[in-house]
Amino acid sequence: MSNERWLNRSRQAVWHPCTQMKVHETLPIVPIARGEGAWLYDFDGRRYLDAISSWWVNLFGHANPRINAALRDQMERLEHVILAGFTHRPVVELSERLARLAPGRLGHAFYASDGASAVEIALKMSFHYWANRGRPEKTGFVSLENGYHGETLGALSVTDVPLFKTTYAPLLRPTHQAPSPDPRRAPPGVPPLQHAMEAARALEVWLSENHATTAALILEPLVQCAGGMAMYDAEYLRQARRLCDRYQVHLIADEIAVGFGRTGTLFACEQAGIAPDFLCLSKGITGGYLPLSAVLTTDEVYAAFYDEALSRGFLHSHSYTGNPLACRAALAVLDIFEEGQVLEANRRLARALTEAAEPIARHGRVRQFRHLGMIWAFEVADPPADFARRFFALALEQGLLLRPLGTTVYFMPPYVIGEPEIDHLVRGTRAVLDRL
Ligand SMILES: Cc1ncc(COP(=O)(O)O)c(C=O)c1O
């Protein structure tokens, strides 16, 4: 069956995410028949380079033979079992390995399926920790301006992207947003580090007045991704850790987008030399195969729930919590990291891509070209009306999956791209910029 048939059937029956469905009267949906490595193939034989790792989840390519084999093996053994009162090998091994790899001492892993569910868990756990410790007045949360933590009501309450939040405002809990260390927001002439320090001072002022009723600070370490790939100075994280310690407020690190090597280290917090009280993980955790998220936390938090009283326990669950197939995919991902020396290989890959992207950085329409680890981003000057959709459509014509955030264009490719893919990405992006 051709593209045409699938896209029409999809338009009738599927309500696509994060989409005003009417746009598909003019913008075709792209039906994908199969994936291989960094490429996606449609039903008419065209291929697209997945330069955004399918919403930042794919690490080692589509149809990765290693992950496929692990899943086939797991499928023959155990596809799923309730995790309340039961356990299984993949979830035990994954929890042990994540605890060893994560910064600090985060030895207890709680599981869910999507990123937003992990954020809900971290928020609820933080609040409940303080209640169990005799501080029930600590019910508030502080997050950063321009931050993004997901679309469920709790996660959206700590998100600060008006496009997603404003409509649902009457349903949300009031939370405070502290100034973002995003250097794009710095007044002219103020360098990124100074801007980050000023943002930290504003956080300090707010915490000094509100810490008694605040449970946690939640932030995206190093890069505010959905907020336009805002890459900020690691010093802000050190200051945030110091302030959370000083004012007895939990630090929740949302590494859902930046974890698993995206910023150049396995976890972004490592670059600031800090450990959070809660670490939220998802997306790349299964290499883009299956929905899985995890919240890692400390012995101290775990101990506050360990009690005779049922109600002092964390009575939160999702049916697929700790799904064995998803955990097995995650174990295969960790094997690839360990055996393939992925972080080192990515450093070489990043140097090659940055060098190849030089003509983009120098393009007349491009501003603030920036890069961290396996993320590249730039702003486009004088964007036409409807920029993001237009760029997306033009990129598809070039065989590229790129999905700008506002006027920010970014690359977040799978870690398996090689020279031909880099060349395709750079050439296609230049062609789009020339035609805007
Ligand atoms: C930092 C961050 N937190 C949370 C989420 C929500 O994850 P999910 O879309 O899996 O619910 C995202 C998704 O993009 C994210 O980037």
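Heads up: numbering here begins at 1 and tracks the sequence. Everything numeric here is computed off the predicted structure, so don't read it as measured data. First listed ligand is number 1; within each ligand, the first listed atom is number 1.
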Enumerate, one pair per line, all nitrogen or oxygen atoms of ligand 1 lying under 3.5 Å from a protein nitrogen or oxygen, stating the separation to 0.1 Å; write 'none' if no such pair exists.
| unit_1 | atom_1 | unit_2 | atom_2 | d |
| --- | --- | --- | --- | --- |
| ligand 1 | 3 (N) | D254 | OD1 | 3.3 |
| ligand 1 | 3 (N) | D254 | OD2 | 2.6 |
| ligand 1 | 10 (O) | G115 | N | 2.8 |
| ligand 1 | 11 (O) | G115 | N | 3.4 |
| ligand 1 | 11 (O) | A116 | N | 2.8 |
| ligand 1 | 14 (O) | K283 | NZ | 3.0 |

Next item on the list: Establish, from distance only, whether the side-chain atoms of H316 and T321 form a donor-acceptor pair under 3.5 Å.
Entry: no
Margin query: Are Y302 and F110, when compared by the centres of their aromatic rings, separated by less than 6.0 Å?
Written below: no
Notebook entry, point to check: With sequence neighbours left out, which residue pairs that include part of residues 215-235 fulfil the salt bridge (charged side-chain N to carboxylate O under 4.0 Å, His left out) condition?
Noted result: E235-R238
Item checked: Y48 and Y41 aromatic centres sub-6.0 Å -> no
Notebook entry, point to check: Going by atom types alone, do H318 and S113 pair a side-chain donor with an acceptor below 3.5 Å?
Noted result: no
Item checked: Minimum heavy-atom distance T408-A377, with the two atoms named -> CG2-CB, 4.2 Å
